[in-house]
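Count residues from 1 along the sequence. When a ligand or atom number is given, it counts from 1 through the structure's own listing order.
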Amino acid sequence: MKLLSVIVPCYNEEENIRDFYDELLKNSSFFTEKEIEIEMIYIDDGSKDRTVEEIRKLRAQDERVHMLSFSRNFGKEAAIYAGLQKAKGDMAVLMDADLQDPPSLLPEMYGYIEQGYDSVATRRVTRKGEPPIRSFFARMFYRIMNRISKTEVVDGARDYRLMTRQVVDAILAMTEYNRFTKGIFGWVGFETKWLEYENIERKKGETKWSFWKLFAYSLEGITAFSTVPLTVAALVGALFCILAFILIIVIIVKTLIFGDPTSGWPSLVCIIMLVSGVQLFCLGIVGQYLSKTYMEVKKRPIYLVKEDF
Ligand code: UDP
Ligand code: MG
């Protein structure tokens, strides 16, 4: 008998817990045929609603249900890490509680693992049901990210992913505090099969991602998997030095030929504003990396457990 761990991060998903469980079991006959057992690991990410109670109810009727609840909201990335740590399976799959990751895809995904792939990932090909402005920024993010980082981050990739134990252990070996999972998946490598499907809108409840949360998350992704912004800052600095040098020569020559009528005030103010702006901007970039380093060296735990069964 093999064991498959289904990892479900949940944050305020009281309406979805039961539906998800039913839907998963509806699609599990395939695994029974293949002699694969299933364990369900719900990670309660500090929910403020009745999510934990719902999970306890499931546990009362099904021993295969497990839960780890956090002392507060640590974010989905932490929940994924905790789930992978708790998973005992020979394979693990990450799924959202909101049924946006259809369990009906699991047999096909497993087929590819049987064929020898190490992990099977999914990406949505449409962004149906999403505000256009958000889609625009998302596309731009992936374009920039892939240009400045060696780690491949796939546009539209979801966290819905079936992995072998080997891949799970590789991800667990990455113990960094700033966990940008989409980058981590790319970084560990292994043979990955991509499946595509149309975006499915969430069944109940609402998304936990606001525009600004996503924006901050994208910056996190960039600092976590690329140091190109630092190089850009240095290059801009060098460029301004060269410009200043040329300008000095021009002014000296001009003064020697035409004398020194003091009429440079407005241009001086413009130059000071521009240069100080560029300086602050570059300092900000350095600060981003510094703050990430600061959080990293503190070695704080990625999550804290309140309840575990
Ligand atoms: N989630 C979580 N912690 C958070 C935010 C979200 O565990 O801080 C879970 C959430 O319960 C869901 C999954 O991550 O199962 C995806 O969240 P959501 O559906 O809000 O994201 P979207 O699908 O809109 O990208
Ligand atoms: Mg969702």
Side-chain angles (χ1 to χ4, degrees), residues 5-24 40-55 58 65-87 92-103 105 121-135 137-139 141-142 153-161 177-182 184-185 197-218 220-221 302-307:
S5 307
V6 180
I7 299 162
V8 194
C10 312
Y11 178 51
N12 296 342
E13 301 279 9
E14 56 179 5
E15 301 155 291
N16 290 316
I17 299 290
R18 162 74 47 180
D19 292 359
F20 176 84
Y21 175 83
D22 291 340
E23 193 67 28
L24 182 69
M40 283 156 261
I41 302 177
Y42 292 89
I43 307 294
D44 164 56
D45 189 5
S47 300
K48 290 179 187 70
D49 61 359
R50 300 185 46 81
T51 300
V52 175
E53 280 84 347
E54 289 294 323
I55 299 170
L58 288 182
V65 173
H66 299 271
M67 183 192 75
L68 193 76
S69 73
F70 289 173
S71 60
R72 63 167 170 85
N73 180 249
F74 280 88
K76 189 184 178 187
E77 314 292 314
I80 288 176
Y81 187 68
L84 290 173
Q85 274 190 325
K86 193 171 161 61
V93 61
L94 302 172
M95 298 177 86
D96 285 1
D98 58 7
L99 286 171
Q100 274 187 302
D101 301 332
L105 223 58
T122 58
R123 64 184 284 260
R124 47 178 189 177
V125 278
T126 52
R127 288 184 169 274
K128 195 178 68 183
E130 195 184 61
I133 182 113
R134 182 179 290 196
S135 302
F137 277 104
R139 290 229 169 76
F141 165 72
Y142 285 109
V153 181
V154 178
D155 187 0
R158 296 196 53 86
D159 292 332
Y160 186 19
R161 195 180 267 261
Y177 182 80
N178 297 291
R179 302 191 70 79
F180 184 69
T181 310
K182 286 186 199 322
I184 290 178
F185 287 144
Y197 66 94
E198 296 252 324
N199 190 27
I200 302 166
E201 286 181 49
R202 114 192 313 277
K203 284 268 147 57
K204 292 171 186 163
E206 52 194 52
T207 175
K208 276 87 201 169
W209 291 93
S210 68
F211 181 80
W212 288 112
K213 252 182 151 176
L214 276 174
F215 185 73
Y217 184 62
S218 68
E220 205 154 285
I302 294 169
Y303 60 90
L304 291 173
V305 177
K306 196 170 126 206
E307 198 180 337

Check Ile7, Thr51, Leu68, Ile17 against Tyr42 for a side-chain contact (heavy atoms from CB on, under 4.5 Å) and give me the one that passes. Ile17

Taking only heavy atoms of Gln100 into account, list the atoms of ligand 1 that are under 4.0 Å away from them. 19 (O), 22 (P), 23 (O)

Minimum side-chain heavy-atom gap Lys213-Tyr217 below 4.5 Å: no

Among protein heavy atoms, which lies nearest atom 4 (C) of ligand 1, and at what distance? Asp45 OD2, 3.4 Å

Enumerated ligand 1 atoms positioned under 4.0 Å from heavy atoms of Asp98: 19 (O), 23 (O)

For Phe211, I'd like to know if atom CZ has over 12 heavy atoms of other residues, nucleotides or ligands within 6.0 Å. yes

Drop me the distance from Met95's CE to Thr122's OG1, to the nearest 0.5 angstrom. 9.5 Å

In terms of atom number and element, which parts of ligand 1 are under 4.0 angstrom from non-hydrogen atoms of Ala97? 15 (O)

Before signing off on this row, confirm whether Ala79 and ligand 1 have an N or O atom pair separated by under 3.5 Å. no

So, the side chain of Arg123 versus the backbone of Asp155: is there a donor-acceptor pair under 3.5 Å, distance only? yes

Looking only at protein heavy atoms, identify the closest one to atom 10 (C) of ligand 1 and say how far it is in Å. Glu13 OE2, 3.1 Å

In the protein, which heavy atom is nearest to atom 5 (C) of ligand 1, and how far is it? Lys208 CB, 3.7 Å

Is any NZ, NE, NH1 or NH2 atom of the basic residue among Lys76 and Asp96 found under 4.0 Å from an Asp or Glu carboxylate oxygen of the other? yes

Would you indicate whether the side-chain heavy atoms of Tyr21 and Val6 approach each other to under 4.5 Å? no

Taken to the nearest 0.5 Å, the spacing of Glu54 CD from Asp19 CG works out to 9.5 Å

Between Lys76 and ligand 1, find which residue part has any heavy-atom pair under 4.0 Å and reply side chain, backbone, both or neither. both

Taking the six-membered ring of Phe74, is NZ or CZ of Arg72 closer than 6.0 Å to its centre and within 45° of its axis? yes

Compare Gly75, Pro9, Ala82, Cys10 and give the one whose heavy atom is closest to atom 15 (O) of ligand 1. Pro9

Can you tell me the protein heavy atom closest to atom 1 (N) of ligand 1 and the distance? Tyr11 CB, 3.8 Å

For atom 24 (O) of ligand 1, closest protein heavy-atom neighbour: Thr207 OG1, 2.7 Å

Candidate with minimal heavy-atom separation from atom 25 (O) of ligand 1, of Trp209, Tyr160, Tyr42: Trp209

Quick test of your reading of the structure: of Asn12, Ile80, Asp96, whose heavy atom lies closest to atom 13 (C) of ligand 1? Asp96

Examine the proximity of ligand 1 to Asn73 and report which part, side chain or backbone, both or neither, has a heavy atom under 4.0 Å away. side chain

N/O/S atom of Asp96 inside 2.8 Å of the Mg ion (ligand 2), strictly under: no

First locate atom CG of Leu24, then atom CE of Met40, and finally report the distance between them rounded to the nearest 0.5 Å. 5.5 Å

Which atom of Asp98 approaches the Mg ion (ligand 2) most closely (N/O/S): OD2

Is there a side-chain contact between Val93 and Tyr160, using heavy atoms and a 4.5 Å cut-off? yes

What's the shortest distance from atom 18 (P) of ligand 1 to any protein heavy atom, and which residue and atom give it? Arg202 NH2, 3.4 Å

